[in-house]
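Right, one structure below, let's go through it.
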Amino acid sequence: MSDIQLTAASDMKQKRNYKSEILKFTKNNFVVIAFIALIIWGGFASPAFLTLSNIKTVLLQNSIYAICALGMLFIVITGGIDLSVGSYVVVAVCFTAGFIQDGRGVLAIVIVTLMSILFGIISGTLIAYAKVAPFIATLAMTTILRGIAYIYQVGQNRRIDGTFWPKFIQGSLLGIPIPVLILFITYLIVTFLLKKTKYGRGIYAIGGNSETARLAGINVKKYIIITYALGGFLFGLAGMILAGRLSMGTATVGEGYELDAIAAVVVGGATLSGGVGSPIKTLVGAFLIGALMNIMNLMGIASYPQMIIKGIIIVAAVLMHRDSSH
Amino acid sequence: MECPKAVVLKNITKKFSGVKALDDVTFHVEQGDIHALVGENGAGKSTLMKILCGSYSHHSVEGQISILGNEVRLNNPKEANRHGVVMVHQELALIPELSVAENMFLGNLPFKNGVVDWKTVYSKSQETLKQLALDIDVRMKVKNLSVGHQQLVEISKAILLGGKVMILDEPTAPLTGREIELLFKVIRKLKEQGITIIYISHRLEEIFSLTDKVSVMRDGKLVITKDTKDVDEHELVSYMIGREMEDFYPKDKTLPGDIILSAQNFSVAHPNYPGKKIVDNVSMNFRAGEIVGIAGLLGAGRTELMTAITGAYPKKSTGIVTFKSRPVKFKNPGQAITNGIGFVSEDRKGNGLILNQTIRFNISLASLRRICKNRLLNKRKEDGLTQEMIGRLRIKTTSEYNPVKSLSGGNQQKVVFAKWIATDPEVLILDEPTRGVDVGAKYEIYSIMKKLAQQNVAIIMISSDLQEIIGMSDRVYVMYEGKLSGELQKEELTENSIMKYATGAVSMAV
C-alpha cells in the first residue's frame, strides 16, 4: 500500500514539476511568446499587416533601432547605461554626409567609424578609470556630441543624393534591404561575441558581480572600455545607415534613440542592474515595439495614444520578467 | 546604604532561528564600576549587549532585565536610552558634514518658538565637553576631527543623552597610542562622575589597566565574573577558550617541501588612518605542501596582509615578496592567478560567487585563460573542467547548469573552492574557509585541503576558529595589531598558546 502511496506522491510531484517548468519557460521566453501573439493578432486586426511589402517596411524601419539596441545590450549587461545613443547617431549622420560631400568617398565611412569608437573609448575611460557613474558620463557625452554635430552642420542640410552611400544603403541583396542585412550580420557578430568569447563571458561576470569578476582575474576596466567602444561603434553604424537612407546630413535626427534602445533591451528581458541579457530577445524586443507601432498605424490610431500604449508595454514586459521568487 | 546594581540581566536566553546564541546568561554590573566583558568572536558578547540596549524586542528574549533597580522591558534603543543605557558603537555613527554640537544633539535638537535653539545647543555641548576636560571646538565639522576625537564626541553625546550606563564596544580598535591614553583619561573621569561602564575588548592589557571587574563569555554562556585584580592573563585566556578539541580533522600526513612564497619586512599602510600601519613589518615563509594557519583576532591585519601580497586589494606596501625565489609585486589578481596563486576570499556571497549565474559559469570564471583558445571559449575544455571539479569536490547538484544560488552554503563554498582549484594553483590562500558551512561540508573541505597539500600545493589558511587552526595547520603564524606576534610549530599548538599571542599577552622576541 505504501508503495502505491509513494508512486502517487511522486506522480504529484512530477506534475507539479511540469507545471513549474512550463511556468518557468513562459517567463523566460515571454517576449518571444508575446511577439508571436502580436503578429497573429496583427494579422487579424489589419489585413495589410502581414503583406510582404509591409513586413519589409517594418524590418527596414526598425533595423536602425535594433542595431542601437544591440549596442545598448553590451552596456546594460555590464550594469551600465548609455544615454548618448541619439547623439552618436546625429554625429554619424552629419559627418558621413559631410565627408562624402567633401569628396572623401569610402574614407568617410572609415573615419566616422573610428570617430564613434573613439567617443565610446572616452565614455568607457570616464566610467572605468575616473569612476564617473555611467548615467552622468554618458549624459555629458550626449550634449558634447550633439554640440559637435551642430557646430559641424552649419546652415543647410548636406545632400548626398546619387552618391555611392545612399545607393548602397537604399539597395538590396537577394530582395533583402541592405540595412536589414547589416542588422542580421550585426546580430550574428554580437551573439558570437557574447556567447563564444572570453570577452563576452567577462562582461556577464562584471554585470553579475564586478568584485567577484575582478578577483577572478578579469580585467574589469579594460572590458568596460571595450564595451562602450563597441556600443559607440554600433550607434555610429546606425547613424551611417540613417544618413544613407535620408541621403543627407541633418542635425535634427536621433532624438530619443537611447530610450528606444533601452526599452528594447529591457523588454528583451535584460535588467539594468546587469549580468543578464540575450541578443535574440533584444532583437525580438526591438521588433515587438516596432511591429506594435506599425499595427497601430495601420489601424489608424493617432500617435499620442501610441506613446501611451508603448509605455504600458514596457512596464508590462518588465513586470512579467521579474523573478517571482524575489 | 544599599545602592541598586547598575545592570542586572537575569536568565537571559536568546535564539536565532532556533539556535541558542545566549543560553541562560546572568550578568550583574555594580554602579560606578568599569566592567570588562571578554570572549572569543561569536561568544555572545555583542548579542548580550544588544539586548541590554534594546536592539531586540523583549518578546524575542527570555529573561529579566533591570537597570538601576527598575525592571524594564525594552523594545528599541530609544527606550534603553531613556533608562540611561547608551551604546557607543565600534563603527562611529557621527555625520561628518555636521558640526560637533549638531552631532551631539542629533535627533534631540531643542526648539524655542518653533525654531532650533542654537544658543542652548552650543552652550550645552561645550559644557559637556568641558566636564570631560576636552578641548574641542563645538562648531567644527566632525570630518575635521581625528578618529580619537570623534570617539570622544560620541561618548560626550552619550552623556548628553543622560547616559548612566555606557557600553563601549572595542573603543580602542581604530586608535593610536596617544589617543588611547586620552580615551582612558576620559573613561576614568566618567567613573568619577558615577557613570557605569561596560567595556568590551580583545586586548587583555587594557582590561588589566582599566577595569574593576571582568566577565568572560564562551559559547553563549557567561563563564565567570571576577574582580580584575584577582585574575591573571593566563587564567583569563583559559576561561575564554577552555573546551575540549573534537577529533574532527583528517589525519592525512603532509610533507612540507621548499619555500615557495615568502614576505620579508612587509608593511601595508592603513587605508583610513594615515600614519598607521595595518600590517607592520611582517616576515613569513610558506612551503610547498604545507598547511600554514594564520591566527589572530578580527582586525589583526591577516586578510590585509594576504590581499596585499596577491594584489587583490593593492595598497601602499613596503617590503619584499618572493615567489619561487623571484621578487614579485602583483598589481592585480590576474597576475597572481597566472603565476599560480589563488585566493579564496572570506565573503562568499559578496565577492566569491556570481549568484545569478550557473555552477559551470562560476567554476570556470578564474580559469577562462585555460579554457580559451585565441580568446574563444572552448566548450569541450569547459565541459571537461567543470565535470572534473564537480566530481573532485563532490558538489551535490543535478546539473552543472543549475544556478549557483540554488545550492546549500556548503556546496556554494565548494564551488568557490572549485573555481580556485581549477586555476591549478601552487599556492592557495583561504580566508575563513569554513565560515557559514555546515559540519559535514566542513569535513569535506578539510579533506580537500589535505589532498591539495599532498599534491604539493602550499596552503595558507586565515581562520578565527582556533580548533580549525590547531586541527589543520602544520605551522601557525599569529598576528596581533598588524604585527607578527608569534610562530608556533604543530606540537606547540594549543588554544592557550595561540590566544596568548593573539591578545598581545606575550609577543615574540624579534
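Values in this document were obtained by computation on a predicted structure and should not be read as measured data. Chain letters run A, B, ... following the sequence lines, proteins first, then strands; residues in each count from 1.
- Annotation for B:Lys349: atom NZ does not count as buried by contact number, only 12 or fewer foreign heavy atoms lying within 6.0 Å.
- Distance CD/A:Glu211 to OH/B:Tyr313: 4.0 Å, rounded to 0.5 Å.
- With a 6.0 Å radius and a threshold of 12 heavy atoms from other residues, nucleotides or ligands, A:Tyr187 has its OH atom above the threshold.
- Shown here is A:Tyr65, whose OH atom has no more than 12 heavy atoms of other residues, nucleotides or ligands within 6.0 Å.
- At a 4.5 Å heavy-atom cutoff, B:Lys373 makes no contact with chain A through either its backbone or its side chain.
- The line from NZ of B:Lys379 to NZ of A:Lys196 is 8.0 Å long, rounded to the nearest 0.5 Å.
- Within 6.0 Å of CG on A:Leu188 lie more than 12 heavy atoms contributed by other residues, nucleotides or ligands.
- One distance of note links CD1 of A:Ile218 with CG of B:Leu365; it measures 4.5 Å at 0.5 Å rounding.
- Note: B:Ile371 CD1 to A:Arg201 CZ = 5.5 Å, rounded to the nearest 0.5 Å.
- With a threshold of 4.5 angstrom between heavy atoms, B:Leu355 does not approach chain A through any atom at all.
- No side-chain heavy atom of A:Tyr199 sits less than 4.5 Å from a side-chain heavy atom of B:Leu377.
- Heavy-atom minimum distance, A:Arg214 versus B:Pro333: O-CG, 3.3 Å.
- Taking OG1 from A:Thr271 and CG from B:Asn356, the interatomic distance works out to 7.5 Å, rounded to the nearest 0.5 Å.
- Residue-environment remark: OH (B:Tyr401) exceeds the threshold of 12 foreign heavy atoms within 6.0 Å.
- Atom CG of B:Asn374 is separated from atom OG1 of A:Thr197 by 12.5 Å, given to the nearest 0.5 angstrom.
- Here the shortest heavy-atom pairing between A:Asn209 and B:Gly350 reads ND2-O, 2.8 Å.
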Go through the steps for B:Asn332 and A:Lys221 under the test side chain to side chain contact (heavy atoms under 4.5 Å, CB included), then give the verdict. CA-CA 12 Å; B:Asn332 56 55; A:Lys221 286 179 176 151; over 6 Å; no
Test side chain to side chain contact (heavy atoms under 4.5 Å, CB included) on B:Leu376 and A:Phe192 and set out the steps. CA-CA 10 Å; B:Leu376 300 186; A:Phe192 176 78; 3.6 Å; yes
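- Contact of B:Ser364 with chain A is made through the side chain alone, with heavy-atom distances under 4.5 Å.
- For the set B:Arg375, B:Lys419, B:Gln357, the entry with the most heavy-atom pairs within less than 4.5 Å of chain A is B:Arg375.
- Between chain A and the options B:Asp347, B:Leu368, B:Thr423, B:Thr338, the largest number of non-hydrogen pairs under 4.5 Å is found for B:Leu368.
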